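Worksheet: one structure, shown below.
Remember, predicted model here, so these are calculated numbers, not experimental data. All values below were derived from every heavy atom in this structure, side-chain atoms included, with hydrogens, water molecules and symmetry-related copies excluded.
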Amino acid sequence: MTLIIDPKEFVNRRQRLAEKMPDHSALVLFSGVLKTRSGDDKYPFSPNRSFYYLTGIARSKLILMITKRAGIVTETLFLQRPNELEAKWTGAVLSDQEARKQSGIEHFDYLDEWLQSFGTFVRRCEGKCSLYLDLYRDQWNDELTPAESFAEEVQKKYRTLQIQDAGPWLKELRMVKSPAEIVEIKRAIAITDEAIRRMWSHARPEIMEYELEAHYDFTLKSHGVRELPYLPIIASGINATVLHYEDNNQRAEDGDLVLLDLGAASNYYAADISRTFPVNGRFTERQKEIYQLVLEAEIKTIEAVKPGVTLQQLNEVTKQVLTDGLLRLGLIQESSELTKYYYHGVSHHLGLDTHDISDYSAVLQPGMVITIEPGLYIEEEAIGIRIEDDVLVTADGCEVLSSQIPKEIEEVEGLIGKKE
């Protein structure tokens, strides 16, 4: 895909980050490396999202170093040296001209000079240097990132060096989206819309979940989407009551609901959409009752989105609507029982990551993009329903970026099995 973000925006992002850096400090970000799958076969490369956010470059084995000393900020991108033989096998490495055009960075060195350059900067700081790295970690057992490995190595060499996490700065910058970023998210949503409509048009009783997934894949590949932001959930019947079901290998029986949770990406900016539909084209009366309750919760939660509100407050709106509805339907007898049928949050930030880095306690600001995704999961009735849209926070409320994707009962029923 062609990147539509102007290089000047990457320059501006780095400048805003550099303003946060104290004097005598260095920020180092790694683009990431190709990982071996088996033998000499590699997994597809996916760049570190914060590196990409600051450079617009999606190449492996690159290092960005931003230094600040005596008030002077210097940006250096370390590139691989050209190798004619390797170029014949895997293609040419990124040139400095290409890197400059994409990122707006002016100064380049080669990777074999990187450690010497870093050491020189530390020496010139005369023992007063701080190092900032992207030290985000999801799970204890995850392998060390390049940043974590470098932190271990550099601490052995420079005992007095202060290592800090750049994560809070990166969160603050990435949570508020620019107009160009919103365009990318909208494009990802438009592709997702087309994919969902294609899946619906081919839906029928007895279809395999992976057959529906094939239609989804076809649409994305037709638009040049090579990397999914996350594995799609295509869950029929009781599978839809498993929050992160990803097997997608069961048959959708006549009368089943099918829950879709999926999204395309545009230049790594993700869409995240959930829709639930009857595979035979008609909701039963019971399915309509539950579906309409989830839809009501989504609509009322979206109405509550505005600057100054927190994600936790939005979740309380969702919980109240769902609780009132379940009490009315007789599924629960008291509010404490809600967690039997609703056991996740209603919202997260969206951007370069599906669950974009963010401060969940922060209040919403204009330019933030979040999801709204209430659901109910009634295992004893094999009913799982989630409806999810992507929402842009505006100065006086919000805009539903995915409003074109049908979700009213009559609209959805009218599109099932209707091939053009």
Side-chain angles (χ1 to χ4, degrees), residues 7 10-11 13-15 17-35 45 47-48 50-87 90-136 143-167 169-170:
F10 299 114
V11 173
R13 291 173 183 177
R14 295 192 299 272
Q15 288 176 344
L17 184 59
E19 289 171 0
K20 300 177 182 298
M21 295 172 59
D23 216 16
H24 296 91
S25 67
L27 171 79
V28 176
L29 290 176
F30 300 84
S31 69
V33 296
L34 277 170
K35 295 182 180 179
F45 174 71
N48 174 277
S50 290
F51 178 93
Y52 180 81
Y53 176 80
L54 293 175
T55 65
I57 297 173
R59 295 286 193 106
S60 65
K61 298 181 180 178
L62 305 182
I63 300 173
L64 171 67
M65 182 168 71
I66 302 175
T67 61
K68 190 173 188 178
R69 187 170 71 90
I72 298 174
V73 175
T74 303
E75 301 176 346
T76 306
L77 185 63
F78 294 87
L79 307 170
Q80 298 182 69
R81 283 190 185 275
N83 184 305
E84 290 187 11
L85 179 59
E86 287 188 8
T90 58
V93 298
L94 184 70
S95 69
D96 56 356
Q97 295 93 338
E98 293 172 312
R100 183 177 293 108
K101 182 179 179 181
Q102 292 180 43
S103 68
I105 294 173
E106 295 293 338
H107 185 235
F108 304 92
D109 279 328
Y110 290 117
L111 287 169
D112 52 31
E113 301 170 325
W114 134 249
L115 289 175
Q116 181 179 346
S117 295
F118 177 77
T120 298
F121 176 76
V122 173
R123 185 180 69 250
R124 288 174 177 170
C125 289
E126 298 177 344
K128 302 176 182 178
C129 186
S130 297
L131 170 63
Y132 288 84
L133 299 167
D134 180 6
L135 295 175
Y136 174 80
E143 63 184 56
L144 290 179
T145 64
E148 289 172 319
S149 296
F150 181 63
E152 286 189 352
E153 180 182 358
V154 79
Q155 199 71 86
K156 295 175 183 177
K157 301 285 187 180
Y158 301 101
R159 301 290 185 179
T160 61
L161 186 68
Q162 298 296 311
I163 298 179
Q164 307 286 345
D165 182 18
W169 296 340
L170 296 168

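For the side chain to side chain donor-acceptor pair (under 3.5 Å) test, residues two or more places apart in sequence or in another chain that qualify with Ser50 are Arg174. Under the side chain to side chain donor-acceptor pair (under 3.5 Å) criterion, Arg13 pairs with Glu9, not counting sequence neighbours. Applying the salt bridge (Lys or Arg N to Asp or Glu O under 4.0 Å) rule to Lys35 yields the partners Glu143; only residues at least two apart in sequence or on another chain are considered. Partners of Tyr53 by ring-ring contact (aromatic ring centres under 6.0 Å, His included), not counting sequence neighbours: none found. Considering only residues two or more places apart in sequence or on other chains, Phe121 meets the ring-ring contact (aromatic ring centres under 6.0 Å, His included) condition with none of them. Taking the side chain to side chain contact (heavy atoms under 4.5 Å, CB included) definition, one finds that Ser149 meets it with Leu144, sequence neighbours left out. Residues satisfying the salt bridge (Lys or Arg N to Asp or Glu O under 4.0 Å) criterion with Glu106, sequence neighbours excluded, are Arg100. Scanning for side chain to side chain contact (heavy atoms under 4.5 Å, CB included) contacts around Thr145 gives Ala147, Glu148, with sequence neighbours left out. Leu85 is linked by a side chain to side chain contact (heavy atoms under 4.5 Å, CB included) to Asn83, Trp89, counting only residues two or more places apart in sequence or in another chain.
Taking the ring centroids of Phe150 and Phe118, they lie under the 6.0 Å cut-off.
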With a 3.5 Å cut-off and sequence neighbours excluded, list the donor-acceptor pairs that the side chains of residues 152-159 form with protein atoms.
{"residue": "Gln155", "atom": "NE2", "partner": "Tyr158", "partner atom": "O", "Å": "3.1"}
{"residue": "Gln155", "atom": "NE2", "partner": "Leu161", "partner atom": "O", "Å": "3.2"}

In a table with atom names and distances, give each donor-acceptor pair under 3.5 Å that connects a side chain of residues 19-29 to protein atoms at least two apart or in another chain.
{"residue": "Lys20", "atom": "NZ", "partner": "Glu172", "partner atom": "OE1", "Å": "3.2"}
{"residue": "Lys20", "atom": "NZ", "partner": "Glu172", "partner atom": "OE2", "Å": "3.1"}
{"residue": "Asp23", "atom": "OD1", "partner": "Ala70", "partner atom": "N", "Å": "2.9"}
{"residue": "Asp23", "atom": "OD1", "partner": "Gly71", "partner atom": "N", "Å": "3.0"}
{"residue": "Asp23", "atom": "OD2", "partner": "Ala70", "partner atom": "N", "Å": "3.2"}
{"residue": "Ser25", "atom": "OG", "partner": "Pro22", "partner atom": "O", "Å": "2.6"}

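Between Phe45 and Arg59 the shortest heavy-atom distance is CE2-C, 3.4 Å. Val93 approaches Pro82 most closely through the heavy-atom pair CG2-CA, 3.8 Å. Of all heavy-atom pairs spanning Gln102 and Gly56, the tightest one is OE1-O, 3.4 Å. Heavy atoms only, all atoms of each residue included: Phe51 and Ile63 are closest at CE1-C, 4.2 Å. Of all non-hydrogen atoms in Pro7 and Gly104, the two that sit nearest each other are CB-N, 4.2 Å. Phe30 approaches Trp114 most closely through the heavy-atom pair CZ-CZ2, 4.3 Å.
Atoms CG and CG, from Asn48 and Leu62 in turn, are 11.5 Å apart once rounded to the nearest 0.5 Å. In this structure, CD1 on Ile57 lies 9.5 Å from CD on Glu98, to the nearest 0.5 angstrom. Note that CG of Leu64 and CD1 of Ile105 are 5.0 Å apart. Values are rounded to the nearest 0.5 Å. To the nearest 0.5 angstrom, Tyr132 atom OH is 10.5 Å from Leu17 atom CG. Taken from CG in Leu111 to CG in Leu79, the straight-line distance is 7.0 Å, to the nearest 0.5 Å. Taken from CG in Leu77 to OG in Ser103, the straight-line distance is 6.0 Å, to the nearest 0.5 Å.
Ser60 contributes no side-chain N or O that, together with a main-chain N or O of Gly32, makes up a donor-acceptor pair within less than 3.5 Å. No donor-acceptor distance shorter than 3.5 angstrom exists from the side chain of Asp96 to the backbone of Phe108, with no hydrogens or angles considered.
Inter-residue side-chain proximity for Met65 and Phe78 is flagged as met; some heavy-atom pair is nearer than 4.5 Å.
Residue pairs meeting the salt bridge (Lys or Arg N to Asp or Glu O under 4.0 Å) criterion with at least one member in residues 62-85, sequence neighbours excluded, are Arg14-Glu75, Arg81-Asp112, Arg81-Glu113.
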